[in-house]
Amino acid sequence: MITCEQIYDVIVVGAGHAGCEAALASARMDCRTLLLTINLDAIALMSCNPSIGGLAKGHLVKEIDALGGEMAKNIDATGIQFRILNTKKGPAVRASRAQADKQLYRLRMKRVLEQQKNLDLKQGEVTSLCLDGAAVCGVELRSGISYLSKTVIVTTGTFMRGLIHIGLNNYPGGRAGDQPSVGLSDQLRQLGFQVGRLKTGTPARLDARSIDFSKLETQFGDSPPRPFSLSTERITMPQMPCHIAYTNQRSHDIIRSGLDRSPLYSGVIEGIGPRYCPSIEDKVVRFPDKDRHQTFIEPEGLDTIEVYPSGMSTSLPIDIQIAFYRSIVGLERVEIMRPAYAIEYDYVDPIQLHSSLETKTVKNLYHAGQINGTSGYEEAAGQGLIAGINAALRVRGSDPLVLTRSQAYIGVMIDDLVTLGTKEPYRMFTSRAEYRLLLREDNADLRLRDIGHQLGLVSEQEYLRFAEKRCKISEEMERISITRLQNTVQQTAVLVRLGLQDIQKGTTFEQLLRRSEVCYDDLIELDPVSRETSEAIREQVEIQTKYKGYIDRQLEQVEQSKKVESTRIPEGLDYAAVKSLTTEVREKLSKNRPDTLGQASRIPGVTPAAISILAIVLKSSSWKGNS
Amino acid sequence: MYIRDTIAAVSTPPGNGGIGIIRVSGDQAAAVGNTVFTSVSDGGLVSHRFSFGTIRDAATGEMVDEAMAVYMRSPRSYTREDVLELHCHGGWLVVERVLALVLACGVRLADPGEFTRRAFLNGRIDLIQAEAVMDIIASKSEAALQLAQRQREGALSKRIDEVRECLLQALALVEAYIDFPEDDLGQTDEVAIAASVDSAQTMITDLLATFEEGRIVREGISVLIAGKPNAGKSSLLNRLLNENRAIVTHIPGTTRDIIEETISFEGLAIRFLDTAGIRHTNDLVEQEGINRTMEKVPQADLILAVFDGSREFSQEDQMLLDALAECRIIAVVNKSDLPQRLVLPAANRFLATVMVTALSGDGVDSLKQTVCRQFLHISATDSREFISLSRARHRDALVSADVYLSRFCAGLPERNLELLALDLRGALDSVGTVTGQTATDDVLDRIFSSFCIGK
Ligand SMILES: Cc1cc2nc3c(=O)[nH]c(=O)nc-3n(C[C@H](O)[C@H](O)[C@H](O)COP(=O)(O)OP(=O)(O)OC[C@H]3O[C@@H](n4cnc5c(N)ncnc54)[C@H](O)[C@@H]3O)c2cc1C
């Protein structure tokens, strides 16, 4: 065994979406960082859909950007269709989504990594961790070399003991065309980690030349496209449409006819799949009354004929796949370029992590991304960023960064994962956030830019731009609260046109804006100063004014829960000795070992009564003995 | 472990007559027993066995009372600590005296509810049980006991689960349209959402109605007897009290001449307010007495307006009714044995009209039943099946849920889904505080089982 002499601060295992953010964050925080990955040509590869964002996921991307991560910039530079979803609904549930040119996305990320100071990028498969007592101190590669480091971040995605299924055929693989990672998860199990098995799947990639697009609905992106990143001025990539097609009864009959050769229904697959990303056979079986299922045919890039039929993932045998895709109107002559498949892989239950993403079992070891049971690029990237930050903070000897549930979707996600663990692939939804009105895409910078800047991930120049924006927002908020209607002839005319003739002279612009029929653009007609306000400021002022009542209410709830959230539970608390808890609750708490009372309160089955007891126990100064 | 000092208190409500129990809990319980109590049989206290004996002042040797004592060794006791109970026979003064002797042994007077708190802390009972036990302690009548009992058995939790179910369904519908705009879900099903919310709200309203009932069962109802002099108020009161002599209690109030009389009928505690005024004025024409009665009107849950059936409706009667304009009144027409000359105006102004002959007692039972019926649904009390919300905490939770739902309904036409979701979630969280459940995962479950979702 050859050991490299250099001792890195941080080693990141895997250059997927989690690993890239982790490595960039720690390198940007001045840590000597090594990023190791099985295949340098598959960095930040989109294993599944060629798109970034969507509901809650778009929120994650904007948060990553506000903190100084790379994902938003990367999609802005390589996106070929941008859309804002839910525009008819309120600001909190509007979300951005983009189609990516998959190859350009990966290549740009590789370039960014290559140009990053403090960051070494090497190809190699990590087969085990090196340990120094209860702490990790490096990694060992299949090639026989080991690298030493102060911290290690594992982001192996779907690769650990990956097993690919197409019909009843299966073979080891980390993703179609990639080697699996073998050995690492066995070692983790030996170290005492609970390692489980999950499953996910992806549709076939189809040949666009064999599709009759004239029979499909066309869906264009927004014009002009709105970028994800605060740093992106404009989207310059050429834009492409998607197309919408539907399955029919015949498709469903074909699918049913192949169920006996489905690895899922014949019991070959043991891993648990995501309910929100069911395969087409799952949809047909679980919703037999639905007479059609929708699919978006998404381009995989500008320069390729490969297209991705979303929602049509399957692990049925190849002959059924061909027949079923061809039963779709417009796809009668379609050719499959890469077959659909399902993949099973090892994950490590995230209940074994602290909120910093450091493992409870092995010190200085962090897990991020799909290894934690999540699925999705954005979820992975969000965790990767936090793990990278926290590994760097550990190297510096500082306290970890833990985002709260009222601060960020990233905070909600990590809290969910480490408090509840997961038995099925975890995906972000806006409904997981109890403070949804506070966690909007539009205010991600207001929530997180300061933190990113303090960590050193946001450049001075970018931060200054933000600070100026924030300043302008509060100035404008102040201005509209003291600017009053004069009811000049011109203003009255505008009010009459808006149907607001009953409005009193002296009404402030703020009061006016609070009315549901008035928007900021109407103010422009009433008052020349408003015309000068930039788009971004207008948006913020309008949202903060219109939703003030609701936002204040949520802020109040945040305030109320602060006490519980900030009450720490000593790490070694002996729950068995707290006799007043029911056996069930005691077992749950002993298993989950929550860091705070707030986390404890979110464990299902832990009642408010149990929380009161715990609060009493923690408060009672006489409870020293067992803790 | 936490420090267990020994505590003591009288554990029977003051003024209950009969036996007074002093309870001691903590490590010194046995020592206290051996100091103040002398068993007539072969000395010493045996765990979980009653013994008969005397309580003496250790300092003077003077005998204070004859008593029964029982010692319960930890953990087989209410608090799971060592517990001693002294059952005294003497009146209130004696009980006070015995408590003083116990405290003289160096134990501390318990805070209100501290025994139950210890029971709760030591895992003997959970919080909902603890609250129900607090109710039992305060309960004056058997219906209250049963109510407390049923609550412990989870009838309330079950009904609340049903409310929750409806709310989850509604929230799942709303959330699905928020989180899956690109899935082919069709139009927002506002009708179904509104229907679910509506059934939840109906259930909440019903539960809240039973809260009032729960309070009444627990605290009893207050009844005021009013009427012009000579209508027969005092004989009616005597009749109402007579048959229940055995459980009549006399609770001295703060003012010397306000005396409450309580009877228990069909498990409902009925308290007669300011009966002193009625009894002692002896139906004399005395404005003072009437004034005093009127002062009590705001405290009364119900007024019995007594009329003399043998006389015509008089101006005095009218004045009385005017004074009681806002009250819940049962008209009691007395002297039904005599030729009837009374014609009551606006009879539908009364909850009921009952004919009695106070002197003989005819009709008094029917009057009592009529009184009970105003407060307990007949079928409900019969089957003992009604679910009452008796704790203020539960009531508050449901009231708050109800407020959220009203706001939800008001906001429905604006179709602002994420604000609607906020109100639904608020309602769910409020309801969840009763049973301790959070919503997120259940909502997702419902979304995925109701809709075919996924790209
Ligand atoms: C078939 C399939 C279907 C999917 N379907 C969906 C879906 O429907 N919806 C959805 O949201 N997400 C889906 N995904 C998941 C999505 O691709 C992942 O969630 C996301 O890419 C996870 O990011 P990650 O960084 O954790 O891991 P990955 O992107 O998987 O990256 C892991 C990286 O680690 C490297 N690596 C692994 N082990 C080692 C090792 N021992 N040594 C060195 N390097 C190593 C790999 O080479 C790879 O570069 C699917 C993935 C697959 C494979």
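Sequence lines set the chain letters: A, B, ... in the order given, protein chains first and strands last, and positions in each chain run from 1. Just so it is clear, the values below take in all heavy atoms, side chains as well, and ignore hydrogens, waters and symmetry mates.
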Practice problem: Not counting sequence neighbours, which residues clear side chain to side chain contact (heavy atoms under 4.5 Å, CB included) with E434(A)? List them please. | Solution: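 With neighbours one apart ignored, the set is R405(A).
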Exercise. Output all residues satisfying side chain to side chain contact (heavy atoms under 4.5 Å, CB included) with S400(B), sequence neighbours left out; order by chain, then residue number.
Key: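 Side chain to side chain contact (heavy atoms under 4.5 Å, CB included) check on S400(B) returns Y404(B), S430(B).
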With only heavy atoms counted, which part of [X] is less than 4.5 Å from chain B, the side chain, the backbone, both or neither?
X       : result
P203(A) : neither
I280(A) : neither
R83(A)  : side chain

Self-check item: R425(B) side chain vs S431(A) backbone, donor-acceptor pair below 3.5 Å
Solution: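 The answer is yes, because a donor-acceptor pair under 3.5 Å joins these two groups.
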Quiz prompt | Heavy-atom side-chain contact between F429(A) and I178(B) under 4.5 Å | solution =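 No. Closest side-chain heavy atoms not under 4.5 Å.
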Exercise. State, yes or no, whether a side-chain contact exists between L85(A) and E182(B) at a heavy-atom distance under 4.5 Å.
Key: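 Sidechains of E182(B) and L85(A): in contact.
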Quiz prompt | R432(A) and E175(B) ion-paired at < 4.0 Å | solution =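 No, no charged N to carboxylate O under 4.0 Å.
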Quiz prompt | Pair R440(A) + E418(B), salt bridge at N-O below 4.0 Å | solution =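 E418(B) and R440(A): not salt-bridged.
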Quiz item: Using non-hydrogen atoms only, which part of L417(B) is less than 4.5 Å away from chain A: side chain, backbone, both, or neither?
Solution: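 For L417(B), the contact with chain A is made by the side chain alone.
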Practice problem: Please flag which part of D179(B) lies under 4.5 Å from any non-hydrogen atom of chain A: side chain, backbone, both or neither. | Solution: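 Both parts, heavy atoms under 4.5 Å.
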Quiz item: Is the Y276(A) to F180(B) ring centre distance short of 6.0 Å?
Solution: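 No, the ring of Y276(A) stays outside the 6.0 Å limit from the ring of F180(B), centre to centre.
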Practice problem: Check the pair Y547(A) / N416(B) against side chain to side chain contact (heavy atoms under 4.5 Å, CB included), numbers first and verdict last. | Solution: CA-CA 12 Å; Y547(A) 291 84; N416(B) 208 331; 3.9 Å; yes
Quiz item: Does atom CZ of R407(B) have more than 12 heavy-atom neighbours, drawn from other residues, nucleotides or ligands, at distances under 6.0 Å?
Solution: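 Enclosed: over 12 neighbouring heavy atoms sit under 6.0 Å from CZ of R407(B).
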Practice problem: May I ask you to check whether over 12 heavy atoms, not counting those of K290(A), lie within 6.0 Å of atom NZ? | Solution: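 It does: K290(A) NZ has more than 12 such atoms within range.
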Quiz prompt | Greatest number of heavy atom pairs closer than 4.5 Å to chain B - which of T430(A), D282(A), V93(A) | solution =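 Most pairs with chain B among the choices: T430(A).
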Self-check item: Distance, nearest 0.5 Å, that separates CZ of R436(A) from CG of L422(B)
Solution: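 Nearest 0.5 Å value for the CZ-CG distance: 8.0 Å.
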Self-check item: For N86(A) against Y177(B), the heavy-atom pair lying closest together
Solution: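 The pair with the smallest heavy-atom distance is OD1-O, 4.2 Å.
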